[in-house]
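Each chain gets a letter, A, B and so on, in the order its sequence line appears, and its residues count up from 1. Values below: all heavy atoms of this structure, side chains included; hydrogens, waters and symmetry mates excluded.
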Amino acid sequence: MPDVNTSTPQTLSDLLKRARAIAGLTLGELASGLGEQPPATLRRDKGWVGRMLEQALGADASTAQAPDFAALGIELKTLPLTPEGRPLESTFVTCVELADPDAISWETSHARQKLARVLFIPILTHRRTPPGERLIGQPLLWTPSPDEEARLRNDWERHMRTIRQGYAHAITAEDGDVLQIRPKGARASSRVWGQGPSGELELIQPRAYYLRPSFTAEIIARSFALSTAS
DNA sequence: ACTTGATCATTT
DNA sequence: AAATGATCAAGT
């Protein structure tokens, strides 16, 4: 059973060292080191992989609206990847702030804060691979390039314009080149207070921002190119 | 095959 | 009830 240090890393270099140390392990091996057992399927345990990695790397206890590693300003994300490097899923970013859209700008948005510095942990897997057999990949610390941030911002500002005009309910997953908005709730009938067309309060379906797989694929490809450059 | 909309567990 | 961790599964 591998020995897994679960204390909170104090420096970026410590965190990266820790992440590199668990690369190459299966999630089953990691779980074993943490005294846990992997579920047979993620169907009823969709957040298991993320929680396992948070624990293994010593992320701060879930403090609302703060990065996973608050002292380092780093957000942790697992990214399911085929062995060929293709993301299997979109990446959850944060819930859309629907209540008071006039008060928010890109600079102060939760979305930008979440995406400012992200430590991606690739999980090499196919859809049918049991969670315990999935392989932890090499970590990738990402800060949006100026171009990437411009594209994120462009999508975010278009979404927010629609929301401010009171048409949040009309946004679909097809909107946004790299940053999409999809429903996010306990069930399809969930509702939160949002802003209607005349500025009045209106109950609408809660939504969240997601990075499209094509965007995270770019990030991964760029990193791979760097890591193999001679 | 891939995407969109729906869903599940946990914690605060 | 809402936010965070995501993946599922129906539809195209």
- Query: For C/dG5, does OP1 or OP2 lie under 4.0 Å from any side-chain N or O of A/K77?
  - Reply: yes
Please state whether the base of B/dT7 and the side chain of A/K184 form at least one donor-acceptor pair under 3.5 Å? no
*Classify the nucleic acid contact of A/T94 as base, sugar-phosphate or nothing, counting any heavy atom under 4.0 Å across all strands shown.*
sugar-phosphate
Between A/P139 and A/P122, the two heavy atoms sitting closest are CA-CD, 4.3 Å
ask   = Within a radius of less than 6.0 Å around CD of A/Q37, do more than 12 heavy atoms belonging to other residues, nucleotides or ligands occur?
value = no
Comparing A/Q65 with A/T91, nearest DNA chain C nucleotide closer to 5' gives the residue A/Q65
The reported gap from OG1 in A/T172 to CZ in A/R207 (rounded to nearest 0.5 angstrom) is 8.5 Å
- [ ] Would you indicate, yes or no, if B/dT10 has its OP1 or OP2 atom less than 4.0 angstrom from a side-chain nitrogen or oxygen of A/K46?
- [x] no
Lys/Arg N to Asp/Glu carboxylate O, A/R18 vs A/D14, below 4.0 Å
no
Can you check whether A/T78 has a side-chain N or O nearer than 4.0 Å to OP1 or OP2 of C/dG5?
no
**Prompt:** If you look at every strand shown and take non-hydrogen atoms under 4.0 Å, does A/E75 touch a base, only sugar-phosphate, or nothing?
**Reply:** sugar-phosphate
note: A/Q113, atom CD; C/dA3, atom C1'; distance rounded to Å ~ 15 Å
### Side-chain N,O (A/R44) to OP1/OP2 (B/dA9) below 4.0 Å
yes
Walking DNA chain B from its 5' end, the first of A/E89 and A/A186 to be reached, judged by nearest nucleotide, is A/E89
field: Under 4.0 angstrom between A/Q205 side-chain N/O and B/dA6 OP1 or OP2
entry: yes
For a quick test of reading the model: is some side-chain N or O of A/R212 closer than 4.0 Å to OP1 or OP2 of B/dT4?
yes
Scanning both residues in full, the closest heavy-atom pair of A/R43 with A/K46 reads O-CE, 3.4 Å
Result for 5'-nearest mapping on DNA chain B, choosing between A/A188 and A/D175, is A/D175
Assign each of A/R191 and A/P80 the nucleotide of DNA chain C bearing its closest heavy atom; nearer the 5' end lies the nucleotide of A/R191
- request: Select base, sugar-phosphate, or nothing to describe what A/G47 touches, counting heavy atoms under 4.0 Å on all strands.
  value: base
So, does the side chain of A/R182 form a donor-acceptor pair with the base of B/dG5 at under 3.5 Å? yes
- Query: Touch check for A/S190, heavy atoms < 4.0 angstrom, all strands: base, sugar-phosphate only, or nothing?
  - Reply: nothing
